[in-house]
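Numbers here are sequence positions counted from 1.
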Amino acid sequence: MSTAATTATEGLVAVRIGQQTFGAPVLSVQDVIAPVRIDRVPRAPPEVAGSLNLRGRIVTAIDMRRRLGMAPRAPDQAHMSVIVEGAGELYALQVDDVGDVLWLDPAEREPQPITLAAEWRGLCSGLYRLDADLVLVLDIDAVLALDAPVPASALTSPLPA
């Protein structure tokens, strides 16, 4: 029997929101789907785009641009949904694009910089510096904490698209 050492890696599904790359922990991601009909939910928090039906199951759709305080997506702009689970419920994180799964060395993970916008800092748990990009790691539990107050700046002052 071989005793070859295996290197621990962190798997992240790369997603693009605006001009920024984020990483969703691969173990949190259930599925990735193309746009589907979303029904509005009255009196839902502003970052809740509505709900959708995924194979007979009702899923809450979260507009990640709004959650991160970014300018809204143009109506004709393509998007995808990354399905994640939290507290036994499914959520669809609406993102601009989905990339590859990145397998990264956890030793290279850095804390988020203090200069990161407050609304981003509360939703991210660290970052990786890649050759051509900076990948912010999404804290899925924080993203799904919809009862947490959203800073007023997240709704009024646009961040770079």
Side-chain angles (χ1 to χ4, degrees), residues 8-36 38 44-52 54 57 59-73 77-155 157-161:
T9 58
E10 179 175 21
L12 298 173
V13 176
V15 298
R16 182 67 88 176
I17 306 168
Q19 299 300 314
Q20 181 60 53
T21 301
F22 292 87
V26 73
L27 294 177
S28 297
V29 175
Q30 302 286 321
D31 204 350
V32 175
I33 62 171
V36 296
I38 295 178
E47 61 272 21
V48 173
S51 62
L52 58 96
L54 179 66
R57 199 160 168 198
V59 177
T60 301
I62 299 174
D63 182 339
M64 287 302 294
R65 280 178 162 264
R66 184 167 282 251
R67 188 76 172 113
L68 291 164
M70 293 180 171
R73 179 182 309 101
Q77 184 180 356
H79 69 279
M80 303 285 291
S81 291
V82 175
I83 308 299
V84 298
E85 186 173 359
E89 296 293 325
L90 290 181
Y91 295 85
L93 306 181
Q94 293 182 315
V95 299
D96 296 334
D97 195 19
V98 177
D100 295 329
V101 174
L102 306 172
W103 296 102
L104 304 168
D105 181 355
E108 294 181 13
R109 183 175 179 160
E110 299 178 30
Q112 54 200 350
I114 59 170
T115 55
L116 192 62
E119 50 271 10
W120 288 26
R121 225 178 13 254
L123 301 177
C124 298
S125 61
L127 63 87
Y128 285 96
R129 294 179 193 273
L130 303 182
D131 292 336
D133 209 356
L134 187 70
V135 178
L136 295 170
V137 180
L138 288 172
D139 178 342
I140 298 299
D141 290 334
V143 168
L144 300 180
L146 298 176
D147 56 346
V150 176
S153 62
L155 302 175
S157 65
L159 294 174

Would you mind telling me which of L146, I38, D63 makes a side chain to side chain contact (heavy atoms under 4.5 Å, CB included) with V48?
L146
Under the side chain to side chain contact (heavy atoms under 4.5 Å, CB included) test, residues paired with T21 that sit two or more places apart:
A14, R16, D133, V135
Which pair of non-hydrogen atoms, one from M70 and one from I17, has the smallest distance, and what is that distance?
CE-O, 3.3 Å
Interatomic distance, L123 atom CG to R67 atom CZ [nearest 0.5 angstrom]:
5.0 Å
Taking every heavy atom of A8 against every heavy atom of P106, the minimum-distance pair comes out as O-CD, 3.3 Å
Once side-chain hydrogen bond (donor to acceptor under 3.5 Å, both in side chains) is applied, do any residues pair with E10, and if so which ones, sequence neighbours excluded?
R109, Y128
Could you give me the CA-CA distance, side-chain angles and deciding distance for V29 and I83, then say whether side chain to side chain contact (heavy atoms under 4.5 Å, CB included) is met?
CA-CA 6 Å; V29 175; I83 308 299; over 6 Å; no
Under 3.5 Å: donor-acceptor pair, side chain of R121, backbone of L116
yes
Mind running side chain to side chain contact (heavy atoms under 4.5 Å, CB included) on V143 and L93 for me, showing each step along the way?
CA-CA 9 Å; V143 168; L93 306 181; 3.9 Å; yes
Any donor and acceptor pair, going by atom type alone, linking the side chain of D105 with main-chain N or O of A107 inside 3.5 Å?
yes
Between the main-chain N or O of C124 and the side-chain N or O of Q112, is there a donor-acceptor pair closer than 3.5 Å?
yes
Let me confirm one number: the CE-CD distance from M64 to E47, rounded to the nearest 0.5 Å.
10.0 Å
Distance col, row L138:CG vs S125:OG, nearest 0.5 angstrom, shows 8.0 Å
Side chain to side chain contact (heavy atoms under 4.5 Å, CB included) test vs D139 passes for just one of L136, D141, V137, namely D141
Of all heavy-atom pairs between Q94 and R73, which one has the smallest distance, and what is that distance?
O-NH2, 3.7 Å
Given side chain to side chain contact (heavy atoms under 4.5 Å, CB included), test Q30 with L90 step by step and report yes or no.
CA-CA 9 Å; Q30 302 286 321; L90 290 181; 4.1 Å; yes
Which heavy atom of L127 sits nearest a heavy atom of P111, and at what distance?
CD2-O, 3.8 Å
Side-chain heavy-atom pair V13, V98 within 4.5 angstrom cut-off:
yes
For P72, is there any backbone N or O sitting under 3.5 Å from a side-chain donor or acceptor partner on R66?
no
With sequence neighbours left out, what residues match F22 under ring-ring contact (aromatic ring centres under 6.0 Å, His included)?
W120
Heavy-atom closest contact (G86 atom, L144 atom, distance)
CA-CD1, 3.7 Å
Check: T60 and L52 side chains under 4.5 Å, non-hydrogen atoms:
no
So, for A142 and G122, which heavy atoms are closest and what is the spacing to 0.1 Å?
CB-O, 3.3 Å
Do the non-hydrogen side-chain atoms of D96 and Q77 ever get within less than 4.5 Å of each other?
yes
